[in-house]
Undergrad: 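Take a look at the following structure, please.
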Protein chains: 2
Amino acid sequence: MSLTDLESKLRDRSLKCTPQRLEILKALHEAPAHPSADTVYRIVQGRFPSVSLATVYKTLDTLVEIGEIRIALVSEGKTLYDTRMSNHHHFLCRCCGHVEDVDIQLDCMENCLPQVMGKYHQVERSEVVFHGVCQKCFQPEI
Amino acid sequence: MSLTDLESKLRDRSLKCTPQRLEILKALHEAPAHPSADTVYRIVQGRFPSVSLATVYKTLDTLVEIGEIRIALVSEGKTLYDTRMSNHHHFLCRCCGHVEDVDIQLDCMENCLPQVMGKYHQVERSEVVFHGVCQKCFQPEI
DNA sequence: TATTAAATAAGAACTATTATTGTTTAGAAT
DNA sequence: ATTCTAAACAATAATAGTTCTTATTTAATA
C-alpha cells in the first residue's frame with residue numbers, strides 16, 4: 001500500500017507515477033472491500049472530478065499487472081478488485097452478489113498443489129470460492 | 001444427462017420440454033468442456049438454425065436452475081458452463097483463458113467448511129480455482 | 001528547459017447479456 | 001382429435017461493463 005512501494009514498482013517498469021494513479025490507489029483502499037471499477041470511479045470523482053472512467057479501468061489493469069491489487073472475482077458481470085494480497089478465500093452470495101473474505105488456512109490445498117499441477121502447469125495461486133446465500137438474503141428482516 | 005432425467009426435472013417445475021431445449025443440452029455435451037453461450041449457439045445453429053441466441057441464454061439459465069448444468073466460472077468476460085456436476089475444481093490460464101478440470105479430492109475443505117461458515121452463511125458448494133499459465137502458453141511451440 | 005514516451009480525457013465502439021414484444025407451441029383439459 | 005393457455009420462442013432493441021481511438025497533456029529524463 002505504501003506510496004514509496006508503488007513508486008518503485010512503477011519505476012521498475014518505466015511506468016509513470018501520476019496523480020491519477022495515486023488517487024485511484026487511495027480510493028481502492030478507502031472503498032468497501034471488493035470494489036468494482038465503478039465504485040472506485042465514484043470515490044475518485046469526489047476529489048479528482050476530471051478523472052475519466054477509462055483511466056480508472058486502465059489504472060486498475062496496471063495495478064493488477066504490477067501486483068498492487070488483485071481481481072477478487074467476477075460477480076453479476078462486474079469485475080471486483082481486492083487490495084488484500086495475502087492468501088485468503090471468498091464467499092459469494094448467489095442472491096445479492098455480495099463477496100466476503102473467508103480467512104481459513106487450507107494447508108492441504110497448498111500441500112497437494114505442487115505434486116498435482118507441477119508437471120503440467122505453472123500455478124501461481126489458488127483460491128477457494130464458497131458459493132451460497134449470505135445471512136442477509138437468508139433471513140431478510142421481515 | 002439422460003433425456004428422461006431432463007424431462008422429469010422440467011415436468012416437476014411445470015416447464016416445457018421443447019426441441020430447442022433438447023438440442024441445446026445435446027450441444028452442451030458435444031461442445032468442448034466449459035463452453036460459452038456463444039459456443040453452444042454455434043453448435044446448435046448447425047442443426048437447428050432457427051434457434052436464437054437469446055433462447056440459448058435463457059435455456060442455459062433454466063438448465064442451471066434445474067441443476068442440469070453449472071456455471072464453471074467467468075473468464076474474459078464470458079460465462080463458461082459445465083456439464084460435469086460432480087465435485088471438481090478448475091485451472092484457469094491467465095494468458096489464454098483456457099479452463100481445465102482439476103480432479104483432486106480436497107477433504108480438508110469439505111471438513112472444515114461447516115464449522116467455519118455454518119453459523120454465518122448457507123454454503124452450497126465450494127470450488128477451487130487454480131490460477132496460472134497453461135503449458136501451451138508457457139512453452140509455445142517456437 | 002527541451003524532449004519524448006507514456007498517460008490522460010472524451011467519447012465512440014464493442015461485446016456479452018438481458019429485456020421487450022408479438023407469435024408459436026407443448027402439454028393439459030376437454 | 002380439438003381446444004385452450006401458460007410457457008417458450010424468434011427477432012431485435014436495449015443495457016451495462018469494458019475496451020479502443022485520438023488528440024492533448026504530462027512525468028521524468030537528458
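Note that the coordinates shown come from a computational prediction; the quantities given were computed from them, not determined experimentally. A note on names: the letters A, B, ... follow the listed sequences, proteins ahead of strands, and every chain is numbered from 1. Note: hydrogens, waters and symmetry copies are ignored here, and every other heavy atom, side chains too, is used.
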Undergrad: Which heavy atom in A:L10 sits nearest to a heavy atom in A:K16, and how many Å separate them?
TA: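 Result for this residue pair: CD1-O, 3.8 Å.
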Undergrad: For the side chain of A:T18, counting heavy atoms from C-beta on, which of C:dA28, C:dT8, D:dA6 is nearest?
TA: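 Nearest listed nucleotide: C:dT8.
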Undergrad: I want to verify a distance call: between C:dG27, C:dA9, D:dA8, whose nearest atom is closest to the A:T55 side chain?
TA: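 Of the options given, the side chain of A:T55 lies nearest C:dA9.
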Undergrad: Any chance the side chains of A:H88 and A:E127 put a donor and an acceptor closer than 3.5 Å?
TA: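 Their side chains do not contain a donor-acceptor pair, so the 3.5 Å distance test is not met.
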Undergrad: CG of A:L6 versus P of C:dA7: gap in Å, rounded?
TA: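 It is 12 Å, rounded to the nearest whole Å.
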Undergrad: Can a salt bridge be assigned to the pair B:D38 and B:K78 using a cut-off of 4.0 Å between side-chain N and carboxylate O?
TA: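 No salt bridge links B:D38 with B:K78.
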Undergrad: What's the closest nucleotide to the side chain of A:K16 if the choices are C:dT17, D:dA27, D:dT18?
TA: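 Closest nucleotide to the A:K16 side chain: D:dA27.
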Undergrad: What is the distance, to the nearest angstrom, from the CD atom on A:E76 to the P atom on D:dT15?
TA: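 Distance check: A:E76 CD to D:dT15 P gives 19 Å.
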Undergrad: Given atom CZ of B:R13 and atom P of C:dG27, what is their separation to the nearest angstrom?
TA: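 It is 17 Å, rounded to the nearest whole Å.
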Undergrad: Are B:R21 and D:dA8 close enough that a side-chain N or O sits under 4.0 Å from OP1 or OP2?
TA: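 Yes.
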Undergrad: Pick base, sugar-phosphate or nothing for A:L15, based on heavy-atom distances below 4.0 Å to the nucleic acid.
TA: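 Sugar-phosphate: the residue A:L15, judged by heavy atoms under 4.0 Å, touches backbone atoms but no base.
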Undergrad: Please work out if A:S50 contacts a base, only the sugar-phosphate, or nothing of the nucleic acid, heavy-atom cut-off 4.0 Å.
TA: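 The residue A:S50 makes sugar-phosphate contact but no base contact.
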Undergrad: Looking at A:K26 and A:E30, does any basic side-chain N land under 4.0 Å from a carboxylate oxygen?
TA: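 The answer is no: the pair does not qualify as a salt bridge.
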Undergrad: Could you please name the option among D:dA27, C:dA26, C:dT17 that lies closest to any side-chain atom of B:Y57?
TA: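 Among D:dA27, C:dA26, C:dT17, the one nearest the side chain of B:Y57 is C:dT17.
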Undergrad: Among the candidates D:dG17, C:dT17, C:dA26, find the nucleotide nearest to the side-chain atoms of A:K78.
TA: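 Per side-chain heavy atoms of A:K78, the pick is D:dG17.
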Undergrad: A:L10 has an atom CG; how far is it from atom C1' of C:dA5, in whole Å?
TA: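 Checked: the CG to C1' distance equals 15 Å.
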Undergrad: So, does B:Q20 get its side chain near the phosphate of D:dA10, meaning an N or O under 4.0 Å from OP1 or OP2?
TA: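 Looking at the OP1 and OP2 atoms of D:dA10, one of them is under 4.0 Å from a side-chain N or O of B:Q20.
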Undergrad: With nearest nucleotide decided by heavy atoms, which residue, A:P49 or B:A37, maps closer to the 5′ end of DNA chain C?
TA: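 Of the two residues, A:P49 wins.
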Undergrad: May I ask you to check whether A:H34 and A:H90 place their ring centres under 6.0 Å from each other?
TA: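 Yes, close enough.
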Undergrad: So, does B:T79 get its side chain near the phosphate of C:dT17, meaning an N or O under 4.0 Å from OP1 or OP2?
TA: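 True: B:T79 side-chain N/O within range (under 4.0 Å) of C:dT17 OP1/OP2.
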Undergrad: Can you tell whether the side chains of B:E124 and A:R94 come within less than 4.0 Å, N to carboxylate O?
TA: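 So B:E124 pairs with A:R94 through a salt bridge.
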Undergrad: Which one, C:dA7, D:dA10, D:dC9, comes nearest to the side chain of B:S52?
TA: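 Output: D:dA10.
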Undergrad: For residues B:T62 and B:T59, is any side-chain donor paired with an opposing acceptor at under 3.5 Å?
TA: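 No donor-acceptor contact under 3.5 Å links the two side chains.
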Undergrad: For the side chain of B:D61, starting at C-beta, report the closest nucleotide among D:dT19, C:dT18, D:dA8.
TA: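 My answer, after comparing the listed nucleotides, is C:dT18.
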Undergrad: Measuring from atom NZ of B:K58 to atom CD of B:Q20, what distance do you get when rounded to the nearest 0.5 angstrom?
TA: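 B:K58 atom NZ to B:Q20 atom CD measures 13.5 Å (nearest 0.5 Å).
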Undergrad: If you look at every heavy atom in A:F91 and A:H131, which pair is closest and at what distance?
TA: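 Closest pair (atom of A:F91, atom of A:H131, distance): CE1-C, 4.3 Å.
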Undergrad: In whole Å, what is the span from the OH atom of A:Y41 to the P atom of C:dA9?
TA: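 Rounded to the whole Å, the gap is 9 Å.
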Undergrad: Which nucleotide wins on minimum distance to the side chain of B:V51, given the candidates C:dA9, D:dT18, D:dA10?
TA: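 Nucleotide nearest to B:V51's side chain: D:dA10.
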Undergrad: A:I66 has an atom CD1; how far is it from atom P of C:dA6, in whole Å?
TA: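 Answer to the nearest Å: 16 Å.
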Undergrad: Should the side chain of A:K58 and the base of C:dA7 be counted as holding a donor-acceptor pair, with the cut-off at 3.5 Å?
TA: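 Checked by distance alone, the answer is no.
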Undergrad: From the set C:dT17, D:dA10, C:dA19, return the single nucleotide nearest to any side-chain atom of B:A54.
TA: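 For the B:A54 side chain, the nearest candidate turns out to be C:dA19.
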Undergrad: Can you tell me the distance, in whole Å, between the CG atom of B:L80 and the C1' atom of C:dT17?
TA: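 Going from B:L80 (CG) to C:dT17 (C1'), I get 14 Å.
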Undergrad: Choosing from D:dT18, C:dT17, D:dC9, which nucleotide comes nearest the side chain of B:T59?
TA: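 Selected nucleotide: D:dC9.
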Undergrad: If you fit an axis to the five pairs at each end of the helix from C:dT1-D:dA30 to C:dT30-D:dA1, how big is the angle between those two axes, to 10 degrees?
TA: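 End-to-end axis angle for the helix from C:dT1-D:dA30 to C:dT30-D:dA1: 30°, rounded to 10°.
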Undergrad: To the nearest angstrom, how far is B:D38 atom CG from C:dC14 atom P?
TA: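 Distance, rounded to whole Å: 17 Å.
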